[in-house]
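The structure appears below as structure tokens.
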Amino acid sequence: MDHADALPVTGPRRIVCLTEEPTETLYALGEDHRIVGISGFTVRPARARKEKPKVSAFTSAKIDEILKLAPDMAIGFSDIQADIASELIRRGVEVWISNHRSVEGILDYIRRLGALVGAHEHANAYADALARDLDAIRAAGRALPVRPKVYFEEWDTPIISGIRWVAELVEIAGGIDLLPARSIEPLAKQRIVADEREIIDAAPDIIIGSWCGKKFRPDRVAARPGWQNVPAVRDGELHEIKSPLILQPGPAALTDGVRELQRIVQAWAAKRT
């Protein structure tokens with residue numbers, strides 16, 4: 001009898017995680033025995049790649065392989081996975097597609113996922129601890145004598161600015177999000193910056209790239225026509241944060257992701273005091 005069979009039946013027992021954040025959350029809650037398949041993009045926790053079969057990408061999935069795993073639920077994220085979700089539903093699989101886009105949404109997601117698998121107390125405690133850590137980082141950010149304007153770029157062709165939870169984490173870390181009106185747009189196509197003058201004229205002090213799975217190239221950003229006098233380019237403040245740390249709407253963004261933002265912002269401020 002395996003560990004899952006020894007447990008009382010509470011919530012789904014054979015879960016396929018179509019993105020990384022449910023995998024990371026279930027591992028953090030000690031509920032990883034329920035996971036029978038994961039996304040091929042999963043890197044957190046590292047052991048998940050060794051322990052679980054990889055059956056999906058972000059916009060595609062091995063439907064037949066998923067069905068062989070006999071899942072009682074598949075969990076994914078956003079409209080981008082609508083086609084995967086609809087196919088699984090047609091094949092008889094229950095599907096939960098979350099669509100949270102904010103820091104508060106991530107915390108709520110952790111609580112909801114915990115409740116789904118009968119671990120609501122553990123999930124609430126975990127989310128509360130993450131929120132307390134964010135409060136401490138926010139307090140340190142507010143104490144900075146000077147705050148930088150931060151431009152976050154999640155793709156380069158076309159240029160796409162950062163999503164809402166990233167913009168909120170920039171502010172928590174002590175920065176000032178450069179394009180707040182764009183960050184609240186839920187869809188990537190709504191955050192395309194067609195006119196680069198919008199960024200140039202806003203004069204970011206720091207540029208952070210996280211090109212959603214490919215290496216950020218600061219040299220290419222610096223070589224863009226008209227960008228040479230942007231403060232961040234002029235001062236060499238072009239930084240990368242790896243996508244799994246910041247662009248997954250789960251625990252990673254609220255831990256390692258925000259700490260990387262804090263490190264970059266505080267280093268910038270230290271040079272100016």
Side-chain angles (χ1 to χ4, degrees), residues 18-21 24 39-44 46 49 54 56-60 76-81 101 106 148-171 173 175 177-180 182-200 202 204-228 230-265 267-268:
L18 301 172
T19 51
E20 182 177 84
E21 64 277 356
E24 186 178 10
S39 164
F41 289 123
T42 300
V43 296
R44 294 170 63 96
R49 293 186 65 83
K54 295 176 281 293
S56 74
F58 197 50
T59 58
S60 63
F77 173 72
S78 89
D79 56 289
I80 296 177
Q81 294 199 309
R101 307 287 174 134
I106 295 172
K149 291 185 290 183
V150 179
Y151 166 59
F152 189 98
E153 185 172 287
E154 61 179 69
W155 196 246
D156 61 328
T157 52
I159 292 175
I160 300 176
S161 60
I163 199 166
R164 179 177 172 183
W165 73 78
V166 173
E168 292 175 348
L169 292 175
V170 165
E171 298 277 341
D177 179 54
L178 192 76
L179 304 174
R182 287 191 179 276
S183 69
I184 62 175
E185 297 290 351
L187 303 180
K189 65 182 180 181
Q190 296 170 320
R191 288 179 278 109
I192 293 174
V193 181
D195 184 357
E196 296 181 23
R197 293 300 316 180
E198 182 180 356
I199 300 167
I200 295 168
D205 300 297
I206 295 172
I207 294 173
I208 298 174
S210 187
W211 285 352
C212 204
K214 72 177 181 180
K215 184 175 177 58
F216 175 60
R217 293 288 302 274
D219 55 318
R220 291 185 181 176
V221 175
R224 291 172 181 169
W227 287 57
Q228 66 275 7
V230 169
V233 174
R234 181 193 65 215
D235 299 336
E237 293 285 353
L238 293 93
H239 306 271
E240 179 179 26
I241 297 180
K242 298 295 186 182
S243 301
L245 298 187
I246 196 72
L247 292 182
Q248 300 277 7
L254 306 189
T255 54
D256 293 349
V258 71
R259 290 189 194 109
E260 275 295 288
L261 288 170
Q262 182 184 40
R263 179 187 63 78
I264 293 167
V265 168
W268 178 93

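Heads up: numbering here begins at 1 and tracks the sequence. Only heavy atoms go into these numbers, but all of them, side chains included; no hydrogens, no water, no symmetry mates.
- Scored by the salt bridge (charged side-chain N to carboxylate O under 4.0 Å, His left out) test, Arg224 finds Glu153 as partners (sequence neighbours excluded).
- Taking Lys214 as the reference, Trp155, Asp156, Thr157, Trp211 meet the side-chain contact (heavy atoms from CB on, under 4.5 Å) condition, with sequence neighbours excluded.
- Glu24 pairs by the side-chain contact (heavy atoms from CB on, under 4.5 Å) definition with Glu20, Arg44, Pro251, Ala252, not counting sequence neighbours.
- Take Tyr151 and apply the ring-ring contact (aromatic ring centres under 6.0 Å, His included) test, not counting sequence neighbours, and it matches no residue.
- The heavy-atom pair separating Leu18 from Ser39 by the smallest distance is O-CB, 3.4 Å.
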Yes or no on side-chain contact (heavy atoms from CB on, under 4.5 Å) for Ile208 and Val170, after CA distance, side-chain angles and deciding distance? CA-CA 10 Å; Ile208 298 174; Val170 165; 5.5 Å; no
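- Panel note: side chain Ser243, backbone Cys212; a donor-acceptor pair is recorded below 3.5 Å.
- Expressed to the nearest 0.5 Å, how far CG of Leu169 lies from CZ of Arg259 amounts to 11.5 Å.
- Listed by chain and residue number, Leu187, Ile192 satisfy the side-chain contact (heavy atoms from CB on, under 4.5 Å) test with Lys189 (two or more places apart in sequence, or in another chain).
- Remark: Gln190 engages no residue in a side-chain hydrogen bond (donor to acceptor under 3.5 Å, both in side chains) (not counting sequence neighbours).
- Of all non-hydrogen atoms in Pro244 and Val43, the two that sit nearest each other are CB-CG2, 3.3 Å.
- Leu238 and Ala232 get closest at one heavy-atom pair: CD1-O, 3.4 Å.
- Between the CG atom in Leu261 and the CD1 atom in Ile206 there is a gap of 9.0 Å [rounded to 0.5 Å].
- For the side-chain contact (heavy atoms from CB on, under 4.5 Å) test, residues two or more places apart in sequence or in another chain that qualify with Ser78 are Phe58, Ile80, Asn99, Arg101.
- For the atom pair NZ (Lys215) and OG (Ser210), the distance works out to 12.0 Å, reported to the nearest 0.5 Å.
- Take Glu198 and apply the side-chain hydrogen bond (donor to acceptor under 3.5 Å, both in side chains) test, not counting sequence neighbours, and it matches Arg182.
- In this structure, the separation between CH2 on Trp227 and CZ on Arg234 is 14.5 Å, given to the nearest 0.5 Å.
- Between atom CD of residue Glu21 and atom CZ of residue Phe77 there is a gap of 6.5 Å, rounded to the nearest 0.5 Å.
- Legend: residues meeting salt bridge (charged side-chain N to carboxylate O under 4.0 Å, His left out) with Lys242, ordered by chain and number and at least two apart, are Glu240.
- Between Asp205 and Glu237, the closest side-chain pair of non-hydrogen atoms is not below 4.5 Å.
- Interatomic distance, Ile241 CD1 to Ile264 CD1, rounded to the nearest 0.5 Å: 4.0 Å.
- Listed by chain and number, the residues in a salt bridge (charged side-chain N to carboxylate O under 4.0 Å, His left out) with Arg263 are Glu260 (sequence neighbours excluded).
- Looking at residues two or more places apart in sequence or on another chain, you find a salt bridge (charged side-chain N to carboxylate O under 4.0 Å, His left out) between Asp219 and Arg217.
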Going by atom type alone, with no hydrogens or angles, which donor-acceptor pairs under 3.5 Å involve a side-chain atom of residues 158-166 and a protein atom two or more places apart or on another chain?
| from | atom 1 | to | atom 2 | distance (Å) |
| --- | --- | --- | --- | --- |
| Ser161 | OG | Arg191 | O | 3.4 |
| Arg164 | NE | Glu168 | OE2 | 2.9 |
| Trp165 | NE1 | Ile246 | O | 2.8 |

